[in-house]
Amino acid sequence: MEGGGNSSSKGSGLGGLFGAGGAGYSHADLAGVPLTGMSPLSPYLSLDPKYLVQDTDEFILPTGANKTRGRFELAFFTIGGCCMTGAAFGALNGLRLGLKETQNMAWSKPRNVQILNMVTRQGALWANTLGSLALLYSAFGVIIEKTRGAEDDLNTIAAGTLTGMLYKSTGGVRGIARGGIAGLTLTGLYALYNNWEHMKGSISRQSL
C-alpha cells in the first residue's frame, strides 16, 4: 500500500510535470494568474503585416513646414549652380577663342599664356553674368512669393520678366523691353515644360 502510494504520488508528479494525469488546471483558470518575474512577449512576434507597408512620408516635417523647398532655400542652389555653369561655359568659350586667335603662333609659352588668360577672362565673365542673373531672379522670386503668399508659375514668370528688365535697364526703354521679353519667354517656356505632363493629362481627360 505504501509502495502504491509512493508510485501514485510519483506518477502524479511526473504527470503534472509533463502535462498528463493528475489534477490539472485549464487555460481559463490560468488566464488571470500574473506571470511574476517573466517579461511579456515581444510585440514583433505577432506583428500585423499591414503595418509594414509604408504609406506615409519618410521624414517628419516641423509644424507648418512645406513638403517642397521654398524659393529662399532654392536660391543658394540656383546662384551657385549658375556660377559654376557660367564658369565652365566661359572656360570652354575662352579656350575656343584663344585657339582661334593664336592659330598662327607656334606652340610656345607665350601662346599658352595667352590662351590661359583668355580662358580665365571668359570664365570669370560668364560666371559673373549668370550669377548676377540668378541673384536677381531669386531675389525677385522671394519678394513676389512673400508678397502674394503663394508659390506657383506666376511667380516664376514675373520674376524672370523683372530680372530681364532690370538687367537690361542700362540700355534705355528699348533695352528694358528686350530684356523683359527675353525673361518672359525663357520663364514661360520653363513653366510650360514644368507643367507639360499635367497639361497632357488634362487634355486627354477632356477628349474622353
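Predicted model, so just to flag it, every value in this text is computed and none were measured. The figures here come from the full heavy-atom set of this structure, side chains too, leaving out hydrogens, waters and symmetry mates.
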Joint hydrophobic cluster, F76 plus V142, side-chain heavy atoms closer than 4.5 Å: yes
Results of side chain to side chain contact (heavy atoms under 4.5 Å, CB included) for C82 - residues two or more places apart only: T78, L130, A134
From M165 atom CE to L184 atom CG, the distance as rounded to the nearest 0.5 Å: 10.5 Å
CZ-CG distance between R96 and L92, expressed to the nearest 0.5 angstrom: 10.0 Å
Approximate separation, where rounding is to 0.5 Å, of N194 CG and D153 CG: 6.0 Å
CD1-CG distance between I157 and L186, expressed to the nearest 0.5 angstrom: 11.5 Å
Minimum heavy-atom distance T185-I181, with the two atoms named: OG1-O, 2.7 Å
Backbone N/O of F89 and side chain of N93: donor-acceptor pair under 3.5 Å: no
Same apolar cluster (I L V M F W Y, side chains within < 4.5 Å links), L136/L162: yes
L166 with I144, same ILVMFWY side-chain cluster at under 4.5 Å: yes
Non-hydrogen atoms of A127 and A87 that approach each other most closely: CB-N, 3.8 Å
Pair E145, N155: side-chain N/O donor-acceptor within cut-off below 3.5 Å: no
same_hphob_cluster(V119, W107) at 4.5 Å side-chain heavy-atom cutoff: yes
Reported CD1-to-CD distance for the pair I115 and E101, which is rounded to 0.5 angstrom: 10.0 Å
Closest non-hydrogen atom pair between G160 and T187, with its separation: CA-CG2, 3.5 Å
Atom of T156, atom of Y190 and distance for their closest heavy-atom approach: CG2-CD2, 4.0 Å
Nearest heavy-atom neighbours spanning F140 and T163: CD1-OG1, 3.6 Å
R111 side chain to M105 backbone, donor-acceptor under 3.5 Å: yes
Distance (rounded to the nearest 0.5 Å) between M118 CE and L95 CG: 10.5 Å
By salt bridge (charged side-chain N to carboxylate O under 4.0 Å, His left out) - contacts of R121 (at least two apart): none
Atom of I79, atom of S138 and distance for their closest heavy-atom approach: CG1-OG, 4.2 Å
Side chain S108, main chain A106, donor-acceptor under 3.5 Å: yes
